[in-house]
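Please read the structure below before turning to the comments.
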Amino acid sequence: MTTVLWMTVPYVALTSFVLGHVWRYRHDQFGWTTRSSQLHESRLLRLGSPMFHFGLLAVIGGHVLGIAVPASWTEALGVSEFAYHLVSVSAGTLSGLVTVAGLAILLYRRVTVPAVRKATTTNDKIMYVLLTTAIATGMLNTVGSNLIGGGYDYRATVSPWFRGLFTIHPRPELMVGTPVSFQVHNLVVLALLALWPYTRLVHVFSAPLGYLVRPYVVYRGRDPRRPDVRRYARAWQTPSSTPAARR
Amino acid sequence: MRVMAQLAMVMNLDKCIGCHTCSVTCKQAWTNRGGVEYVWFNNVETRPGQGYPRQYQDQRRWKGGWTLNKRGRLTLRSGSRLKRLLNIFANPDLPTVADYYEPWTYDYDNLLSSPPSDTTPVARPKSLITGEDTAVTWGANWDDDLGGGPSQVGRDPLLARVSEQVKLEFERTFMFYLPRICEHCLNPSCAASCPSGAIYKRTEDGIVLVDQDRCRGWRQCVTGCPYKKVYFNHRTGKAEKCTFCYPRVEVGIPTVCAETCVGRLRYIGVLLYDADAVLEAASVPHDQDLYPAQLGVFLNPHDPRVVAEAERAGISQEWIEAAQASPVYRLIVDYQVALPLHPEYRTMPMVWYVPPLSPVVDVLTSTGHDGEDAGNLFGAIDALRIPVEYLAELFTAGDVGPVRAALRRLAAMRAHMRRINLGEETRPDIAESVGLTPAEIEAMYRLLAIAKYDQRYVIPSAAGADAHRLDALATGCSLDSEGGPGMTAFDAIADRFHLTDTNGAAPDDKAGRINLLNWDGRSTTGLFPAKQTNGPDHAADQPNGANQAGDHPHGADRAAEPANAAEPTR
């Protein structure tokens, strides 16, 4: 049971995550979008969406620090367990609360605005349930276990277990005896990761950072894949970079 | 000099009767689908008026187009790239459906399925977005023909810049129509706003398109476009815009809006321009210099040096010849009677307008003067500062000079041609007073008044070299997915409102019949009676060549399916 839950399930979920994205990117470029509903309702979205997204970015950053960075590294830097704990709980609680508040506004909006409710698919609903549960259990861990409940050092169990999955030395036994709320959080997040590529969450991977460096105006030939465009190539490629180069 | 070719359009506003045929045919061709119910790639608005979406010209509110930053450099009015990215989770300057209008249909099914009763059944308006009952409060041309009017007065953002008494006088006196499509700008701010780089300007013909596969729905382009001609499909989550009917112009035929224009007021042709000069022209410090600056970007296609450079840039002989015969070049550069729409947005728009002289003539005539006498007309153009100033707000960033000059040329043309029509002696001084020769005036008259199809639309075909590719286009469509642009209104709306004869409302023997109101043009199933099996005439089930070429593969598949075909009634 331990092996199934903490080795088989994670690998299945992560495989689905990776292969699902590859498959969707290859076969469903047209469906790869944020499916924004701002056109229907802007006021609540402008309040909730930035809170949710920026909060979540901070939460993800915190997870990277807490899970990907081994405790030995932070200790080597002279950061005591207490100091780490203090930072992680305070920053985690703060960003978690912002995320939860944003999500609450967005969910309220999704239910109460008829046009937005109408635009919600079954796929969205399943995704929202998983996402909400993941965030709720995560808050339970941060606030419930670590802030109120005296603290739990997940960096001794959960973090090495998760890193083990990627170093191909899975240690499912580490998860035995961890608090139930951590176990549930992990399983829900794994389910979310497994479904991720098949939902609108794929938009995370099209974060348009290239916009900061590309030329303002994009020029393109009628069909760049056809070889007969080559005869234009030398003459036309330069203007494509002109507006930026001259900016 | 880097020569590029651009397909451009000129509309002669004097001839627009506001019939909306262009809008309707465009809608039928491009936006009769779910998700873009509220979208009109082509719309005709009454000026003065709010326009569509409402007050889109108020850039202090909508932040469209470009502006010069403190260092005098061109930057998006909505902010720097970093600011755009930081606003990506919620665009603060995005119009909502309410700013366009909530699209609706009527519950026609209630009329058909109503049992016998003492009262007449009604077809309630239903929102096309929520499917619920809705109150119709605004439409794409709600203020059509009002020309302001008591409830609209003061809501035209352009009139807000004119003084109060002038405003009222104007709204009582003048009204004209302004058909609008995407401007296919030389310096498109929609493309510059797109974080994904999905909006691009085609190198061959300058058409600005959205790559539906690369668009990720960040909706910054809707804000970026000052003309609000990029729309968000709320079903697919992708941006869509006027395509200049590229599948049509690629084979040398005009756009749907131009083809179906009742007044024949649209002209399509090629302009050659210097791509290297665009940025500098768009960055001139004063708004009123933008019109002459844009004129300076265009290249004379008759100049051998330009032709040589164009050839060097890979522009084909056919395109160069089209540029030399371009009606658009003549109206914009030779006669300078066409003007750009809102050059102050600094996007270098490429759909230009011949300003309307008719309001001036009408005013003259109504005051008892001869509205077509050259002296009267010239005097009126100079004296009537109201229409000229309003037109200048529209076309030259407020500079009345070019508007006045264009109107004077049109007035000279009227006066000159009237003398010819009445058999009077022509007066060369009329033509000379506007800087043209009588021969030029007559050529301009022919182009504006009686030009035939071939002269109004000089569109080089792109087909020659890649006919095989176009063939592939006609037999396969990657956009034909659920909610995609290939999906039709029939697919999207029929399931919601059941506007077909297949819902049990038709007589049994006609249950498979297609309601022509929603025929999607793809399948002929149900359009014709089933074939007579023992009849000698089999011509009916062989579509003719033209139909076959234009037929959609899925349509063809569907036509082959016998499932829905009605049994012939004998």
Side-chain angles (χ1 to χ4, degrees), chain A residues 28-43 45-54 102 114-115 117-119 200 202-203 206-223 226 228-229 231-240 242-243 246-247, chain B residues 2 4 73-74 76 81-82 84-85 87-92 94-97 127 129-132 187-188 191-192 194-197 199-205 211-219 232 234-238 250 275-276 278-279 312-314 462 465-466 469 478-479 481 484:
Chain A
D28 188 27
Q29 281 292 320
F30 183 61
W32 195 293
T33 154
T34 59
R35 287 231 340 277
S36 164
S37 58
Q38 193 180 356
L39 190 73
H40 296 312
E41 200 283 337
S42 200
R43 201 175 52 86
L45 184 97
R46 281 183 59 190
L47 195 62
S49 181
M51 283 170 77
F52 172 74
H53 283 93
F54 285 117
R117 190 173 63 234
K118 196 85 181 173
R200 61 201 293 188
V202 290
H203 74 265
S206 37
L209 297 175
Y211 180 56
L212 292 173
V213 290
R214 74 135 219 263
Y216 259 137
V217 179
V218 177
Y219 290 82
R220 242 168 84 177
R222 208 165 48 238
D223 189 348
R226 301 299 302 192
D228 58 28
V229 177
R231 70 199 167 90
Y232 295 121
R234 200 186 321 145
W236 293 127
Q237 252 154 17
T238 319
S240 69
T242 304
R246 288 153 46 91
R247 256 182 65 251
Chain B
R2 202 164 305 278
M4 287 182 92
R73 286 208 181 158
L74 206 57
L76 289 173
R81 294 167 195 248
L82 192 64
R84 296 317 308 153
L85 279 197
N87 277 317
I88 205 163
F89 300 131
N91 182 350
L94 187 79
T96 59
V97 165
S127 163
I129 291 192
T130 63
E132 310 290 321
N187 185 30
C194 176
S196 312
I199 303 187
Y200 60 98
K201 192 167 178 65
R202 291 214 304 195
T203 48
E204 294 87 352
D205 49 21
D211 185 335
Q212 292 289 306
D213 274 350
R214 292 186 70 180
C215 173
R216 299 290 181 239
W218 299 122
R219 71 218 170 275
F232 191 74
H234 61 83
R235 267 197 137 194
T236 63
K238 305 256 167 169
E250 277 177 8
D276 280 347
V278 169
L279 187 72
R312 213 172 61 81
D466 50 10
R469 199 183 63 85
S478 61
L479 303 177
S481 49

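Just so we're on the same page: letters track the sequence lines, and every chain starts at 1.
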- prompt: For the side chain of T34(A) and the backbone of G217(B), is there at least one donor-acceptor N/O pair under 3.5 Å apart?
  reply: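 The answer is yes, because a donor-acceptor pair under 3.5 Å joins these two groups.
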
- request: Check whether any side-chain N or O of K238(B) sits under 3.5 Å from a backbone N or O of T33(A) as a donor-acceptor pair, and report yes or no.
  value: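 Checking the backbone N and O of T33(A) against the side chain of K238(B), no donor-acceptor pair under 3.5 Å is found.
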
If you look at every heavy atom in [X] and [Y], which pair is closest and at what distance?
{"X": "P215(A)", "Y": "R81(B)", "value": "C-NH2, 4.1 Å"}
{"X": "Y211(A)", "Y": "L76(B)", "value": "OH-CD1, 3.6 Å"}
{"X": "L39(A)", "Y": "F232(B)", "value": "CD2-O, 3.5 Å"}
{"X": "P208(A)", "Y": "I88(B)", "value": "CG-CD1, 3.5 Å"}

Quick one: what part of [X] sits under 4.5 Å from any heavy atom of chain A, side chain, backbone, both or neither?
{"X": "I199(B)", "result": "backbone"}
{"X": "D211(B)", "result": "side chain"}
{"X": "L82(B)", "result": "both"}

message: In terms of relative ring orientation, are F54(A) and F89(B) parallel, tilted or perpendicular, with 30° and 60° separating the classes?
response: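 Because their plane-to-plane angle is over 60°, the rings of F54(A) and F89(B) count as perpendicular.
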
Residues forming a side-chain hydrogen bond (donor to acceptor under 3.5 Å, both in side chains) with R214(B), sequence neighbours excluded: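 For R214(B) there are no side-chain hydrogen bond (donor to acceptor under 3.5 Å, both in side chains) partners, ignoring immediate neighbours.
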
task: Could you grab the distance from atom SG of C215(B) to atom CH2 of W32(A), nearest 0.5 Å is fine?
output: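 Interatomic distance, C215(B) SG to W32(A) CH2, rounded to 0.5 Å: 14.0 Å.
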
task: Starting at OG of S36(A), measure out to CZ of R216(B) and round the result to the nearest 0.5 Å.
output: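 One finds 15.0 Å between OG of S36(A) and CZ of R216(B).
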
- request: Show your reasoning for whether side chain to side chain contact (heavy atoms under 4.5 Å, CB included) applies to E204(B) and R220(A).
  value: CA-CA 9 Å; E204(B) 294 87 352; R220(A) 242 168 84 177; over 6 Å; no

field: Option that, when pairs with chain B are counted at under 4.5 Å, heavy atom only, ranks first among R117(A), Q38(A), R35(A)
entry: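 Winner by heavy-atom pair count: Q38(A).
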
field: Residue list, side-chain contact (heavy atoms from CB on, under 4.5 Å) with A115(A), at least two apart or on another chain
entry: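 Result, side-chain contact (heavy atoms from CB on, under 4.5 Å) vs A115(A): H40(A), I129(B), T130(B).
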
query: When only pairs under 4.5 Å are counted, which of G237(B), A192(B), S196(B) shares the most heavy-atom pairs with chain A?
result: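 Going by pairs under 4.5 Å, I would pick A192(B).
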
- prompt: Under a 4.5 Å heavy-atom cutoff, which of N87(B), L85(B), D205(B), N91(B) has the most pairs with chain A?
  reply: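 Looking at each option in turn, the highest pair count goes to N91(B).
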
